[in-house]
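Written out below as structure tokens is the structure these notes cover.
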Amino acid sequence: MIAVLLVVVLLVVGGIHWYLWKRLVKDTTRTRRARVAGSVIAVLLALVIPATLALSRTLPHSRQAIVAWPGFLWLAVMFYLLVTLLILEIPRSAILLWQRRSAPPSTPQAAPTDVSDEDPSFAAEAPPKPVAQEPGFDASRRLLLGRSLAATAGVLSASAVGIGVYQAMSAPNLKRVPIRLAKLPASMDGFRIAVVSDIHLGPLLGRPHTERIVRMINSVDADLVAVVGDLVDGSVAELGEAAEPLQDLRGKHGSFFVTGNHEYFSGYQEWVDEVNSLGVRVLRNERVDVLGLDLAGVNDLSGEDVGDGPDFGKALDGRDPSRPVVLLAHQPIQAHDAARHGVDLQLSGHTHGGQMVPFNLLVGLQQPVVAGLGTVDGTQVYVTRGAGFWGPPVRFGAPPDISIIELHGA
């Protein structure tokens, strides 16, 4: 399975880099020397991505950042170069078409070569035979067009990644979100839940990241704190110290956690025990009473692969239907099951808001709500964009956030 996945990754990455080589090297260079140099760079950059994915799993945790930073940054740049160049195919095609139609037929010209004047080994060769060129063909104009489009793509991609890195490494936004629940007791009007998700402690985000999140949550003096999954990308041995500041979280009625898919890649049982030991209660297909409100939590869907999946019946069956219920579930798609069990509000993460536009469009094909407040089968679903990132240290068009949910009666 791993071998098949590696072959797929190599084919996809190779195909993308071939296209980038075509537009950024072949279309912008005239000499053989420049094209060979560009080709070597393209091959090396193509190898960087599978090497990063492999080494980030095999190197000791303390050394993973050495390969993660350059590798994941290039992954982001590659993505935006691909997107930008694909969009620029439209004006490129239009300009070439206009050039062919507006210019008179060309006379036979010598076929262009890639041989540098500096290469003496080709000095004695016979001049190339004239070849008939397609109407409107102008090698110098095509070269100018290729270089102009490549420069445009480079500037736009570098700008997107630069802004994205700044947003990803900056403090999350504190978002105040009022939500109305018809069954909310009058005594709970204004009850505030601090929701954070997708902290993603790992090679690029460590203890200072956790400390900043805890400090920001504590600054709002919330009634309850909910951490809705994807806390870590690594084992307790590697990241236990980075997660330790969670013990300082302050919620008047407690702090709670549910597993995300990444916990199941990182030794979920160890993390369940570790998070509980930090004073953050892990809700594992169960519910608790909070001032007349049912607070429930279910495991992530990824747990099904190891016999630890969500059990909505266990968490929600037998409760008083006149009481409001707020469900913590990592993935928004779990709202379909939540709605069948009469959940009033589901709090989720997982999507990162797409993390890098236009990924939000793809996420929307799989998840019913990408970010913010929505409704799924009659159940309100709020999705935080999360406080961290996964893969590239880039968040473009989807800044990180910590959401303060303010509950009000209908």
Side-chain angles (χ1 to χ4, degrees), residues 175-186 188-198 223-230 253 256-261 283-304 309-354 360 363-386 401 403-410:
K175 295 180 61 178
R176 286 174 168 77
V177 184
I179 297 179
R180 295 189 175 277
L181 298 182
K183 302 175 186 176
L184 190 73
M188 292 190 71
D189 192 77
F191 190 88
R192 295 184 302 163
I193 305 174
V195 181
V196 64
S197 181
D198 302 279
D223 295 295
L224 186 145
V225 178
V227 184
V228 287
D230 278 8
H253 300 280
F256 299 87
F257 176 81
V258 290
T259 54
N261 54 308
L283 295 176
R284 294 176 54 70
N285 299 323
E286 58 187 310
R287 68 178 183 271
V288 296
D289 170 67
V290 180
L291 301 178
L293 176 147
D294 287 332
L295 178 72
V298 292
N299 300 346
D300 184 67
L301 290 166
S302 296
E304 293 177 343
D311 188 335
F312 288 84
K314 182 179 178 182
L316 297 166
D317 284 354
R319 67 180 190 85
D320 183 349
S322 68
R323 293 161 57 101
V325 56
V326 174
L327 175 71
L328 309 183
H330 180 60
Q331 298 193 40
I333 199 171
Q334 294 175 273
H336 295 293
D337 287 317
R340 287 192 284 270
H341 287 81
V343 169
D344 299 289
L345 172 64
Q346 176 176 310
L347 302 176
S348 298
H350 183 64
T351 67
H352 299 201
N360 56 309
V363 174
L365 299 176
Q366 197 253 343
Q367 297 290 338
V369 182
V370 176
L373 184 62
T375 302
V376 177
D377 299 339
T379 289
Q380 293 188 89
V381 181
Y382 180 79
V383 181
T384 172
R385 291 190 178 99
D401 70 55
S403 300
I404 311 302
I405 306 299
E406 297 178 352
L407 299 181
H408 299 281

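At a threshold of 4.5 Å between non-hydrogen side-chain atoms, the residues Val381 and Pro368 do not count as touching. When side chains are defined from C-beta on, Asp300 counts as touching Gln334, because their heavy atoms get closer than 4.5 Å. At least one side-chain heavy atom of Phe191 sits under 4.5 Å from a side-chain heavy atom of Leu224. Looking at His330 and Ser348, their side chains never come closer than 4.5 Å, going by heavy atoms from C-beta outward. Counting heavy atoms from C-beta outward, Leu407 and Ile193 have side chains that approach closer than 4.5 Å. By the 4.5 Å heavy-atom criterion applied to side chains, Lys175 and Arg385 are counted as neighbours. Side-chain contact between Leu373 and Gln380 is present, with at least one heavy-atom pair separated by less than 4.5 Å. With contacts defined as side-chain heavy-atom distances shorter than 4.5 Å, the pair Ile179/Glu406 does not qualify.
In terms of modelled atom types and a separation under 3.5 Å, the side chain of Arg176 and the main chain of Ile404 share no donor-acceptor contact. Under a 3.5 Å cut-off, the side chain of Arg287 and the backbone N or O of Leu295 do not form any donor-acceptor pair. Checking side-chain atoms of Asp344 against main-chain N and O of Val325 turns up a donor-acceptor pair under 3.5 Å. Remark: the backbone N or O of Ala335 is paired with a side-chain donor or acceptor of Gln346 at under 3.5 angstrom. Not a single donor-acceptor pair under 3.5 Å links the side chain of Glu304 to the backbone N or O of Ser302. In this structure, the side chain of Asn285 engages the main chain of Gly309 through a donor-acceptor pair within 3.5 Å. Distance alone, capped at 3.5 Å, places no donor-acceptor pair between the Asp294 side chain and the Val326 backbone. For the pair Thr384 (side chain) and Gly386 (backbone), a donor-acceptor distance under 3.5 Å is present.
Nearest heavy atom pair, residue Ala315 against residue Val298, reads CB-CG1, 3.9 Å. Pairing each heavy atom of Tyr382 with each of Ser403, the nearest pair is OH-OG, 2.7 Å. Contact between Val343 and Thr379 at its shortest, heavy atoms only, is O-OG1, 2.8 Å. Minimum interatomic distance between Pro324 and Gly292 (heavy atoms only, all atoms of both residues): CD-O, 3.7 Å. Looking at every heavy atom in both residues, Met188 comes nearest to Leu293 through SD-CB, 3.7 Å.
Only one option out of Thr351, Val228, Val363, Leu347 pairs with Val383 in a side chain to side chain contact (heavy atoms under 4.5 Å, CB included); it is Thr351.
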Do Asn261 and His350 pass the side-chain hydrogen bond (donor to acceptor under 3.5 Å, both in side chains) test, and can you show the C-alpha distance, the side-chain angles, and the key distance before you say yes or no?
CA-CA 8 Å; Asn261 54 308; His350 183 64; 3.3 Å; yes
Evaluate Asp377 against His336 for side-chain hydrogen bond (donor to acceptor under 3.5 Å, both in side chains), listing each step before the verdict.
CA-CA 7 Å; Asp377 299 339; His336 295 293; 2.9 Å; yes
Please determine whether side chain to side chain contact (heavy atoms under 4.5 Å, CB included) holds for the pair Val195 and Val227, giving the CA-CA distance in whole Å, both sets of side-chain angles, and the decisive distance to 0.1 Å.
CA-CA 6 Å; Val195 181; Val227 184; over 6 Å; no
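Here the CG-CD distance, from Leu316 to Glu286, works out to 11.5 Å after rounding to the nearest 0.5 Å. Separating the CG atom in Leu345 from the CD1 atom in Ile405 is a distance of 7.0 Å, to the nearest 0.5 Å. If you take OG on Ser197 and CD on Gln331, they are separated by 10.0 Å, rounding to the nearest 0.5 Å. Of the inter-residue distances, the one linking Gln367 atom CD with Leu365 atom CG reads 11.0 Å to the nearest 0.5 angstrom. Here the CZ-CG distance, from Phe312 to Asp337, works out to 4.5 Å after rounding to the nearest 0.5 Å.
Residues Arg323 and Asp289 are paired through a salt bridge, judged by an N-O separation under 4.0 Å between the basic side chain and the carboxylate.
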